[in-house]
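Inspection log for the structure reproduced underneath, given as C-alpha cells.
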Amino acid sequence: MIRVVCPGSFDPVTNGHLDIISRAAKLHDEVIVAVLRNLAKSSLFTADERIEMLREVTKEHANVRVAKFNGLIVDFCRANDVSAIVKGLRAVSDFDYEMQMAQMNYNQAGVETLFMTTNPLYAFLSSSLVKEFARYGGDVSGLVPESVLRRLTERLASE
Ligand code: PNS
C-alpha cells in the first residue's frame, strides 16, 4: 500500500493543485491532501474552509482524502504511515525552495519527496496570484473550480 501526501496551504485550492492531486491519485494507492500552515503566509480562508473546498473538489477521487495538520510535515508522515511527499514543480523559481524543504525533510526524518512537473497550462498559477487578481476585479474563472470561485467572490466582497 503506497500512501503519499500532497501538502500545501491551499488558500484556496486551484486547478493547478487539482491537476497534481488527480495525477498523484492515478499513481498511488492513496493520496492524503494535507492542509498545513505556511508560517510565511497569512490566509484568506480558515483551515476548515480550505478543507471543505478541497473535499468538495476531490470527491470524485475515491482514493483521495483531506486532512489538517498543525506541525511539521514529517511528523504528519510518520503519524499516517506516509511513504512520500508529492509536490508539483511549476518553474525554476519553485526549485530552490522546494529542493531545500525536500532535503530538510529527508535529512531530518528520512522522508522522501517526489516532484511532478506541472501541466504547462497551469505553470503560472498560484493561490496568491488568483487572490490578487480576483481582489482587483480580474476574472479567475478557469483557474479555480467553480465552487471555489463562488466562495472567493463572496469572501472578497465582504472584505
Ligand atoms: O502551498 P504552500 O504554502 O507552498 O505549502 C508549503 C507547506 C505548507 C507545504 C510547507 O510550509 C510545510 O510543509 N509546512 C508545514 C511545517 C513544516 O514542516 N515546515 C518545514 C518544512 S522543511
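For ligands, and for the atoms within them, numbers begin at 1 and follow the listed sequence.
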Within-cut-off N or O pair, I73 and ligand 1, under 3.5 Å: yes
Heteroatom proximity flag, R37 to ligand 1, N/O under 3.5 Å: yes
Identity and distance of the protein heavy atom lying nearest atom 21 (C) of ligand 1: M101 SD, 4.0 Å
For N105, atoms of ligand 1 separated by under 4.0 Å from a heavy atom: 22 (S)
With L54, the side chain to side chain contact (heavy atoms under 4.5 Å, CB included) member among L18, V35, V148: V35
Expected output: side-chain H61 to main-chain T58 donor-acceptor under 3.5 Å: no
Polar contact flag for N38 and ligand 1 (N/O pairs, less than 3.5 Å): yes
Proximal atoms of ligand 1 relative to G71 (non-hydrogen, under 4.0 Å): 15 (C), 16 (C)
R3 side chain near R65 side chain, heavy-atom distance below 4.5 Å: yes
Any N or O of S9 closer than 3.5 Å to N or O of ligand 1: yes
Side-chain donor/acceptor of R37 to backbone N/O of G71, under 3.5 Å: no
Nearest protein heavy atom with distance in Å, relative to atom 20 (C) of ligand 1: L72 CD2, 4.0 Å
Geometric N/O contact K87 with ligand 1, under 3.5 angstrom: no
Any donor-acceptor pair under 3.5 Å from N107 side chain to Q103 backbone: no
Residue and atom name of the nearest protein heavy atom (relative to atom 4 (O) of ligand 1), distance in Å to one decimal: K41 NZ, 3.6 Å
Side chain, backbone, both or neither: the part of V74 lying under 4.0 Å from ligand 1 by heavy atom: neither
Residue, atom name and distance, where the atom is the protein heavy atom closest to atom 7 (C) of ligand 1: G8 CA, 4.5 Å
CE (M104) with more than 12 external heavy atoms under 6.0 Å: no
F124 atom CZ, neighbour heavy-atom count above 12 within 6.0 Å: yes
Flag for S9-D11: side-chain donor and acceptor within less than 3.5 Å: no
